*Asks:* 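Pasting in a structure now, in structure tokens, and then I'll have a few things to ask.
When a residue number appears, it is its place in the shown sequence, counting from 1. For clarity, every value in this text was computed on a predicted model and none was experimentally measured. Side chains are part of it too, since the values below use all heavy atoms of this structure and drop only hydrogens, waters and symmetry mates.
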Amino acid sequence: MTSARTLLPVGGAAAVAVPRRLRSGEASSTSLRGPVSDGARLVRRMQLRPAPLLGSSTCSLPSLRGRRPIRTQAASSSSSDSTGEAKPVGFAERYPALVTGFFFFMWYFLNVIFNILNKKIFDYFPYPYFVSVSHLLVGVLYCLVGWSFGLPKRAPINSTVLKLLFPVAVCHAIGHVTSTVSFAAVAVSFAHTIKALEPFFNAAASQFILGQQVPLALWLSLAPVVIGVSMASLTELSFNWTGFINAMISNISFTLRSVYSKKAMTDMDSTNLYAYISIIALLVCIPPAIIIEGPQLVQHGFKDAIAKVGLAKLVSNLLVVGLFYHLYNQVATNTLERVTPLTHAVGNVLKRVFVIGFSIIAFGNKITTQTGIGTCIAIAGVALYSYIKAKIEEEKTQMKSA
């Protein structure tokens, strides 16, 4: 099978593996995919997907003793292997739309649960740097267990690949930590509204750092995003500069990660890349967590949390949140591999709407009318930007394949 060269995280938060041979009509540019989630969406890979099921077709075989041509069903409920024995077609091949819908549901569900549980931890354990480390630590443990069972088989790494991955992992670590700090400081809904500005930073990096011309239509579509976030920020009841600045730093960090990803390509599969980047990011996050929060944690941080909820609940909550963080990123990767760029663009915007909506319901956050209107304008702007960008890239792909 032809190996796939994997392009590291480009766009908001994930990497895209770009096969050397793509099906006609599918875009190979990582910019199609856009952002996924914060810190999430670390590595994405496009895989060869099964062709759509074919309807019945007539196959005329040579006449034997006057028999009529035989009518066969292509892609029927069973297929024959080389030995002539029938093989049943799996559920995924029979109902691809249902499987894709299930992936979308799990992506949204895991993301919403992660955001809600993560925010609740800060009520009794307000140490976002340490919580960020716990997210990555659980993900690394998950990957190590998978490697031990050969799921997947660990890919070897050398100094050359390590040098390529290091700046990507550092930017991911900074983006993840600052996102967590922002979520701890302000309402989840407001933090996601600020992070809606991420496409603006991506476009600016493409234009002024990478030297790629951004169409005027894309710039104009970003105007509602900037206006909406500004409106929401002016009257947001939970607004504070710590949350706002850290969310902006997160946007910049993920944008720089996209820039470095353009220069880093490897033949490693996405799951192994995800694991190695998580390991490097974990090592990067540990020192600042110790320096910034270490003394407070030793003096009273752990004691206060244990007194409020108990040691078992504190540890279990950190493990569960870390597991949800890893799983929603992994499911997001699987989801994005199954759909077109345009479908992904719409799905990613809807995901942000779900997170904002459910966080408001879960925490009973009171928002002003202006904040609500500004949030809607910002999300609509992101949707318009994603749609225009996906259409432009699809047209480019069609022109190349023509």
*Asks:* Are Tyr142 and Leu327 close enough that some pair of their side-chain heavy atoms sits under 4.5 Å apart?
*Replies:* yes
*Asks:* Tell me whether Asn272 contacts the main-chain N or O of Ala155 through its side chain, where contact means a donor paired with an acceptor under 3.5 Å.
*Replies:*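 A pair under 3.5 Å: yes.
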*Asks:* Apply side-chain contact (heavy atoms from CB on, under 4.5 Å) to Phe125 and Lys308, showing your working.
*Replies:* CA-CA 9 Å; Phe125 193 69; Lys308 292 179 180 178; over 6 Å; no
*Asks:* Testing the 3.5 Å rule here: is there a donor-acceptor pair between the side chains of Gln370 and Thr368?
*Replies:* no
*Asks:* Set out, in order, the CA-CA distance, both residues' side-chain angles and the distance that settles side chain to side chain donor-acceptor pair (under 3.5 Å) for Asn317 and Tyr124, then state yes or no.
*Replies:* CA-CA 11 Å; Asn317 285 350; Tyr124 57 86; 2.5 Å; yes
*Asks:* Is there a donor in the side chain of Gln212 and an acceptor in the side chain of Gln207, or the other way round, less than 3.5 Å apart?
*Replies:* no
*Asks:* Under a 3.5 Å cutoff, is there a donor and acceptor pairing between the side chains of Tyr385 and Asn202?
*Replies:* no
*Asks:* Can you tell me if Asn115 uses its side chain to pair, donor with acceptor, with the backbone of Val188 under 3.5 Å?
*Replies:*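 Looks like no, no N/O pair under 3.5 Å.
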*Asks:* Going through the checks in order, is the side chain to side chain donor-acceptor pair (under 3.5 Å) test met by Lys195 and Ser250?
*Replies:* CA-CA 8 Å; Lys195 291 187 69 60; Ser250 174; 2.7 Å; yes
*Asks:* Decide side-chain contact (heavy atoms from CB on, under 4.5 Å) for Phe302 and Leu314; before the verdict, give the C-alpha distance in whole Å, the side-chain angles of both, and the deciding distance to 0.1 Å.
*Replies:* CA-CA 9 Å; Phe302 288 116; Leu314 173 62; 4.3 Å; yes
*Asks:* Measuring from atom CD1 of Ile286 to atom CD1 of Ile291, what distance do you get when rounded to the nearest 0.5 angstrom?
*Replies:* 12.0 Å
*Asks:* May I ask you to test the Met248-Phe201 pair for a side-chain heavy-atom distance under 4.5 Å?
*Replies:* yes
*Asks:* Taking the six-membered ring for Trp, are His172 and Phe254 parallel (under 30°), tilted (30 to 60°) or perpendicular (over 60°)?
*Replies:*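 Because their plane-to-plane angle lies in the 30° to 60° range, the rings of His172 and Phe254 count as tilted.
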*Asks:* Looking at Val133 and Cys285, what are the two nearest heavy atoms and their distance?
*Replies:*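 Heavy-atom minimum between the residues: CG2-O, 3.7 Å.
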*Asks:* To the nearest 0.5 angstrom, please state how far the CG atom of Leu218 sits from the OG atom of Ser206.
*Replies:* 9.5 Å
*Asks:* Donor-acceptor pair, Ser238 side chain versus Val186 backbone, under 3.5 Å?
*Replies:*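 No, Ser238 side chain to Val186 backbone: no donor-acceptor pair under 3.5 Å.
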*Asks:* Hey, can you tell me if Tyr127 and His300 have their rings parallel, tilted or perpendicular (30° and 60° cut-offs)?
*Replies:* tilted
*Asks:* Locate the shortest heavy-atom distance separating Lys119 from Phe183; write the atom from each residue and the value.
*Replies:*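 Minimum heavy-atom contact is NZ-O, 2.7 Å.
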*Asks:* What closest approach, in Å, do Ile194 and Phe244 show between heavy atoms, and which atom pair accounts for it?
*Replies:*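 Minimum heavy-atom separation between Ile194 and Phe244: CD1-CD1, 3.7 Å.
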*Asks:* Do Ser132 and Leu136 come within less than 4.5 Å of each other through their side chains, counting heavy atoms only?
*Replies:*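 No, too far: nothing below the 4.5 Å cut-off.
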*Asks:* Looking at Phe324, Tyr129, Tyr328, Tyr325, which one forms a ring-ring contact (aromatic ring centres under 6.0 Å, His included) with His135?
*Replies:* Tyr325
*Asks:* Donor-acceptor pair, distance only, cut-off 3.5 Å: does the side chain of Asn118 make one with the backbone of Phe114?
*Replies:* no
*Asks:* Can you see which heavy atom on Ala205 is nearest to which on Thr255, and at what distance?
*Replies:*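 Nearest heavy atoms, Ala205 then Thr255: CB-CG2, 3.3 Å.
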*Asks:* Could you note down all residue pairs passing ring-ring contact (aromatic ring centres under 6.0 Å, His included) where residues 147-169 supplies at least one of them, sequence neighbours left out?
*Replies:*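 Applying ring-ring contact (aromatic ring centres under 6.0 Å, His included) to every pair that reaches into residues 147-169, excluding sequence neighbours, yields Trp147-Tyr276.
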*Asks:* With no hydrogens and no angle check, is any side-chain donor or acceptor of Ser230 less than 3.5 Å from a backbone partner on Val226?
*Replies:*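 Yes; at least one donor-acceptor contact below 3.5 Å.
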*Asks:* Quick one: sort the Phe104 and Tyr108 rings into parallel, tilted or perpendicular, breaks at 30° and 60°.
*Replies:* perpendicular
*Asks:* Grab the two heavy atoms, one from Val138 and one from Leu323, that are nearest each other, plus how far apart they are.
*Replies:*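 That would be CG1-N, 3.5 Å.
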*Asks:* What's the separation between atom CG in Leu141 and atom OG in Ser134, rounded to the nearest 0.5 Å?
*Replies:* 11.0 Å
*Asks:* Please tell me if the side chains of Leu117 and Ile121 come closer than 4.5 Å, counting only heavy atoms from C-beta onward.
*Replies:* no
*Asks:* Do Thr371 side-chain atoms and Thr235 backbone N/O form a donor-acceptor pair below 3.5 Å?
*Replies:* yes
*Asks:* Is there side-chain contact between Leu164 and Val168, with at least one heavy-atom pair below 4.5 Å?
*Replies:*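 No. Closest side-chain heavy atoms not under 4.5 Å.
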*Asks:* Within the structure provided, determine whether Ile157 and Leu165 are in side-chain contact (heavy-atom separation under 4.5 Å).
*Replies:*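 The answer is yes; the side chains approach within 4.5 Å.
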*Asks:* Would you indicate whether the side-chain heavy atoms of Phe130 and Leu318 approach each other to under 4.5 Å?
*Replies:*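 Yes; the side chains approach each other to less than 4.5 Å.
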*Asks:* For Phe122, does the CZ atom sit with more than 12 other heavy atoms under 6.0 Å from it, leaving out its own atoms?
*Replies:*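 Buried by this count: over 12 neighbours within 6.0 Å.
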*Asks:* Can you check whether Ile356's main-chain N or O pairs, donor with acceptor, with Ser359's side chain at less than 3.5 Å?
*Replies:*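 Yes, the answer is positive, given that a donor and an acceptor are paired below the 3.5 Å cut-off.
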*Asks:* Could you tell me whether the side chain of Ser386 and the main chain of Ala383 form a donor-acceptor pair under 3.5 Å?
*Replies:* no
*Asks:* Hey, could you give me the CD1/CG distance between Ile280 and Leu162, rounded to the nearest 0.5 Å?
*Replies:*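 Going from CD1 on Ile280 over to CG on Leu162, the span is 5.0 Å.
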*Asks:* Taking the side chain as C-beta and beyond, is there a heavy-atom pair between Ser189 and Thr375 under 4.5 Å?
*Replies:* no
*Asks:* Of all heavy-atom pairs between Ser253 and Ile174, which one has the smallest distance, and what is that distance?
*Replies:* OG-CG2, 3.1 Å
*Asks:* Go through the steps to decide whether Val229 and Ser233 satisfy the test side-chain contact (heavy atoms from CB on, under 4.5 Å), and finish with yes or no.
*Replies:* CA-CA 6 Å; Val229 172; Ser233 301; 4.0 Å; yes
